[in-house]
Amino acid sequence: MRALNWVFPTGAILTVGGVFLYALVENLSFGGTEDWGYAMLAQSFIPALLLGTLLAIVGSFLDRRRLPVTQTRTRGAICWFASAVSFLLLVKTGNVHGWTFAFIFPAFVGFIAGAVFLSKLAVQNPDT
């Protein structure tokens, strides 16, 4: 399996993982923040969110060209569903001063990646 096939899934996992890391950092911040574990987590959630966002969007373009139309549309619908859930969580529980604001990353990534996937309208012929 080629490495390019893993760009989109890696980006999606990093984006969602970045949200969970941010939640963990905020939960741990109520205790001691002097240990190296907290310092590592505090420095890792922002790169995970940013790198995951970039990889998921770039990976959606790569997968749109590689996958057949039915799989592309399925991934697009799943991305839009995940974006809608993330956006609803942001609206209902979002607080710009807390970890719940990080729901904006999966909402944005899901919307853009879903639009990219759903923009594949027909099978592309390499002969034309």
Side-chain angles (χ1 to χ4, degrees):
M1 188 174 270
R2 293 181 20 196
L4 291 178
N5 297 351
W6 287 95
V7 174
F8 176 74
T10 302
I13 289 169
L14 278 174
T15 303
V16 173
V19 174
F20 285 118
L21 285 175
Y22 193 7
L24 185 60
V25 165
E26 186 165 315
N27 189 20
L28 292 175
S29 70
F30 295 114
T33 59
E34 301 299 322
D35 61 342
W36 64 272
Y38 178 81
M40 293 275 289
L41 285 174
Q43 298 298 322
S44 66
F45 76 90
I46 290 289
L49 286 170
L50 296 177
L51 184 63
T53 298
L54 179 67
L55 287 176
I57 291 172
V58 169
S60 67
F61 282 99
L62 296 173
D63 283 355
R64 182 185 67 174
R65 297 180 60 83
R66 177 180 62 87
L67 295 173
V69 175
T70 54
Q71 287 182 353
T72 305
R73 289 189 180 155
T74 302
R75 281 194 183 189
I78 291 170
C79 285
W80 272 7
F81 177 75
S83 175
V85 168
S86 183
F87 184 73
L88 285 175
L89 287 170
L90 175 66
V91 169
K92 292 293 183 183
T93 64
N95 178 1
V96 296
H97 302 291
W99 71 271
T100 55
F101 185 69
F103 283 129
I104 200 166
F105 285 93
F108 174 73
V109 168
F111 182 77
I112 298 297
V116 169
F117 282 132
L118 292 173
S119 68
K120 186 172 185 176
L121 300 175
V123 178
Q124 297 174 348
N125 281 335
D127 299 334
T128 57

Minimum-distance pair of heavy atoms, taken over all atoms of [X] and [Y]:
X: A48; Y: G18; answer: CB-CA, 4.0 Å
X: V25; Y: F45; answer: CG2-CD2, 4.2 Å
X: A113; Y: C79; answer: CB-SG, 4.0 Å
X: K120; Y: R65; answer: NZ-O, 4.2 Å
X: R64; Y: S119; answer: NH1-OG, 2.9 Å

Identify, with sequence neighbours excluded, every residue that meets side chain to side chain contact (heavy atoms under 4.5 Å, CB included) alongside [X].
X: A82; value: none
X: I13; value: none
X: V19; value: L49, W99, A102, F103, P106
X: L51; value: L14, L55

Look at the side-chain heavy atoms of Ile, Leu, Val, Met, Phe, Trp and Tyr, link any pair under 4.5 Å apart, and say whether [X] and [Y] land in one connected group.
X: V58; Y: F61; value: no
X: F101; Y: L21; value: yes
X: L90; Y: V85; value: yes
X: L4; Y: L54; value: yes
X: F20; Y: Y22; value: no

So CD1 of I57 and CG of L62: to nearest 0.5 Å the spacing works out to 12.5 Å
Distance col, row F108:CZ vs I104:CD1, nearest 0.5 angstrom, shows 9.0 Å
Is the F117 ring parallel, tilted or perpendicular to the F8 ring (thresholds 30°, 60°)? perpendicular
With no hydrogens and no angle check, is any side-chain donor or acceptor of [X] less than 3.5 Å from a backbone partner on [Y]?
X: S44; Y: L41; result: yes
X: T74; Y: T70; result: yes
X: S60; Y: V116; result: no

Kindly check if the number of other-residue, nucleotide or ligand heavy atoms within 6.0 Å of CZ (F111) is above 12? no
Any T100 side-chain heavy atom under 4.5 Å of L89 side chain: no
Mind jotting down which residue pairs meet the salt bridge (charged side-chain N to carboxylate O under 4.0 Å, His left out) criterion with at least one end in residues 73-88? Sequence neighbours excluded, please. D63-R75
For F87, ring pair (Phe, Tyr, Trp, His ring centres under 6.0 Å) partners two or more places apart: none
